[in-house]
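The sequence lines fix the lettering, A, B, ..., with proteins before strands; numbering per chain opens at 1.
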Protein chains: 2
Amino acid sequence: MGTVRKALGLLDILAHPDSRYGLTEMARLSGFDKATTRRLLLELKADGFVEQDEGTRAYLLGPALLMLGRAREERFPFFKIAQPTVRALAESSGETSHVSEYVSGAMASICAQESDKSNRVIVQVGERLPLHATASGLAYLAASMDAFVDAALRKPLPQFSANTITDPDALWTILSNARSRGYVECDQLRADGVFSVGAAIVSPKGAPIGAVAVALPSMRADAEKIAEIGALTAAAATEISTRLFGKTGGTQRIRKI
Amino acid sequence: MGTVRKALGLLDILAHPDSRYGLTEMARLSGFDKATTRRLLLELKADGFVEQDEGTRAYLLGPALLMLGRAREERFPFFKIAQPTVRALAESSGETSHVSEYVSGAMASICAQESDKSNRVIVQVGERLPLHATASGLAYLAASMDAFVDAALRKPLPQFSANTITDPDALWTILSNARSRGYVECDQLRADGVFSVGAAIVSPKGAPIGAVAVALPSMRADAEKIAEIGALTAAAATEISTRLFGKTGGTQRIRKI
DNA sequence: GGGGTAAGGTTCACTATATGAACCTATGGT
DNA sequence: ACCATAGGTTCATATAGTGAACCTTACCCC
């Protein structure tokens with residue numbers, strides 16, 4: 001396995017929202033030897049991708065990541081464009097909403113706005129959401145080419161909750177419903193008691209980039225509420241898609257997809 | 001040299017504000033062989049750190065960087081806290097202002113707000129500013145320990161403009177003036193016709209993290225204006241420092257430095 | 001439309017680099 | 001004073017990285 005990918009894997013571990021890992025724990029989580037882990041972390045640290053808490057010696061994500069993330073935002077302002085829509089969606093739906101971008105096999109949560117209700121779903125920025133068990137992931141798949149979906153569903157599909165669907169055919173049914181409806185429904189596939197609704201953010205060519213989703217306690221998720229939030233979510237996804245790539249049909253494209 | 005650092009160096013090249021580099025140019029800029037460059041880029045691409053424009057084949061910064069940058073912001077909201085202050089400073093000073101964070105030997109520009117004057121200085125987010133020739137860098141050094149400054153000034157100091165100072169002793173003079181004044185003045189050290197003023201953002205322990213700076217055309221930089229902007233800049237740096245780490249003297253510290 | 005050029009991409013023998021078991025060191029708890 | 005735990009280091013071995021030379025594709029110019 002390439003050394004570079006091992007190092008990048010360490011960054012993923014550090015992205016976990018509540019990580020405060022020392023060397024030994026990093027080695028355990030990554031599966032690498034302690035010496036290897038340390039050498040990789042030092043290389044990352046030398047370029048500012050990782051920094052170390054002086055007191056606890058815990059490894060943290062470093063300033064280079066902020067800089068590079070900002071540099072990317074300069075050319076493709078995904079966060080800047082998505083954030084206002086996510087806030088508006090949380091407001092209009094009354095529930096926690098968030099935006100994620102597809103990153104190598106999972107959806108990376110970029111921006112979240114919690115509901116102000118006391119019983120609400122919490123979404124952590126930096127979480128990687130699995131494709132087959134979240135509204136964001138299924139929305140992304142629903143907007144993808146069949147061959148891509150097939151490949152994704154052929155991989156091992158972990159079970160997260162009692163309701164997690166790991167049968168590709170059953171997942172295909174959900175996706176085809178979503179395609180005709182314009183948004184995907186996700187009934188406690190990853191966590192008990194959480195219902196979510198999602199819609200894909202797509203490039204002008206129709207390739208999906210990411211997704212918008214709203215998550216609510218399933219006790220509040222009656223059919224009427226779901227339909228209402230579904231429409232809002234689909235509209236939010238369209239709005240972000242349009243603002244990202246310029247008016248539909250326009251030639252002012254930021255990047256080709 | 002470690003393979004990981006080579007790969008990370010490629011990301012730095014891609015961070016250049018107007019980069020649109022293909023494989024050959026990446027190889028030339030990095031100094032690696034074309035085959036090596038490509039292998040590294042593919043590894044970065046596999047984890048979403050790089051993506052490739054389908055049309056031009058140019059390599060671009062990938063979505064993983066946005067995700068990790070956002071994950072870091074969750075725990076240490078540098079950008080979120082700095083941005084309003086930068087905007088206010090651009091407003092009150094009437095000139096372009098920006099914030100940068102120290103990243104392995106240089107200042108990485110994180111957030112900029114241009115002046116609304118027609119003759120103004122432009123600062124690119126993602127630029128890496130040298131320590132010895134910018135207000136941001138010199139402000140950072142002025143807030144650093146002497147031993148650190150010594151080490152930084154002993155390295156080769158490139159000449160950027162006619163006014164660039166490469167003599168450590170002369171730079172020490174600037175720094176000691178800055179220390180007594182509370183802000184640093186930078187008279188066309190990196191670019192002809194650009195005067196800038198900077199102040200360091202510091203942790204409660206006094207360790208510098210980054211800097212705030214205002215840059216203006218030197219023809220507008222008379223002594224009175226400089227003193228005025230210097231005071232505003234120093235105040236902005238203090239404001240960011242305080243908001244980043246909680247009220248001074250408080251124990252609610254986000255990270256130890 | 002043919003022929004030249006330049007860029008992207010690939011191969012494989014060679015070599016530098018990464019690896020990890022065993023080790024040392026520092027710190028905190030009892 | 002002792003043990004337990006975590007951070008950090010060493011060096012012989014094994015693995016992964018390297019780059020000169022090669023192929024392929026796309027475009028430009030006559």
Out of [options], whichever nucleotide has its closest atom nearest the side chain of [X]:
| X | options | answer |
| --- | --- | --- |
| Glu43(B) | dG8(D), dT11(C), dG17(D) | dG17(D) |
| Thr36(A) | dT19(C), dA21(C), dA7(C) | dT19(C) |
| Leu23(A) | dT19(C), dA18(C), dG7(D) | dG7(D) |
| Thr3(B) | dG19(D), dG8(D), dG17(D) | dG17(D) |
| Ala35(B) | dT19(C), dT10(C), dG9(C) | dT10(C) |

Between atom [atom1] in [X] and atom [atom2] in [N], what is the gap in whole Å?
| X | N | atom1 | atom2 | result |
| --- | --- | --- | --- | --- |
| Lys45(B) | dG8(C) | NZ | C1' | 12 Å |
| Arg39(B) | dT10(C) | CZ | P | 13 Å |
| Glu25(A) | dT5(D) | CD | P | 14 Å |
| Arg38(B) | dG17(D) | CZ | C1' | 16 Å |
| Phe32(A) | dT17(C) | CZ | P | 20 Å |
| Asp33(B) | dG9(C) | CG | P | 14 Å |
| Arg28(A) | dA6(D) | CZ | P | 10 Å |
| Leu42(A) | dA18(C) | CG | C1' | 14 Å |

Next on the checklist: Using a distance-only criterion (donor-acceptor N/O pair, under 3.5 Å, no hydrogens), is the base of dG9(C) paired with the side chain of Lys34(B)?
Outcome noted: yes
Item to check | From Leu14(A) atom CG to Leu61(A) atom CG, the distance as rounded to the nearest 0.5 Å | outcome: 5.0 Å
Checklist outcome for this item: Residue pair Tyr59(A)/Gly2(A) against DNA chain D: nearer the 5' end by closest nucleotide is Tyr59(A)
Checklist entry - So Leu171(A) and Leu138(A), side chain to side chain contact (heavy atoms under 4.5 Å, CB included) or not? Walk me through it. => result CA-CA 9 Å; Leu171(A) 290 166; Leu138(A) 291 168; 4.2 Å; yes
Item to check | Verdict with supporting geometry, Val99(A) and Ile201(A), side chain to side chain contact (heavy atoms under 4.5 Å, CB included) | outcome: CA-CA 9 Å; Val99(A) 160; Ile201(A) 296 166; 4.2 Å; yes
Item to check | NZ/NE/NH1/NH2 to OD/OE distance under 4.0 Å, Asp33(A) and Lys6(A) | outcome: no
Checklist entry - Do Arg70(A) and Glu73(B) meet the salt-bridge criterion of a basic N to acidic O distance under 4.0 Å? => result no
Next on the checklist: Just to be sure I understand the rule, does Tyr21(B) reach a base, reach only the sugar-phosphate, or reach nothing, if contact means heavy atoms closer than 4.0 Å?
Outcome noted: nothing
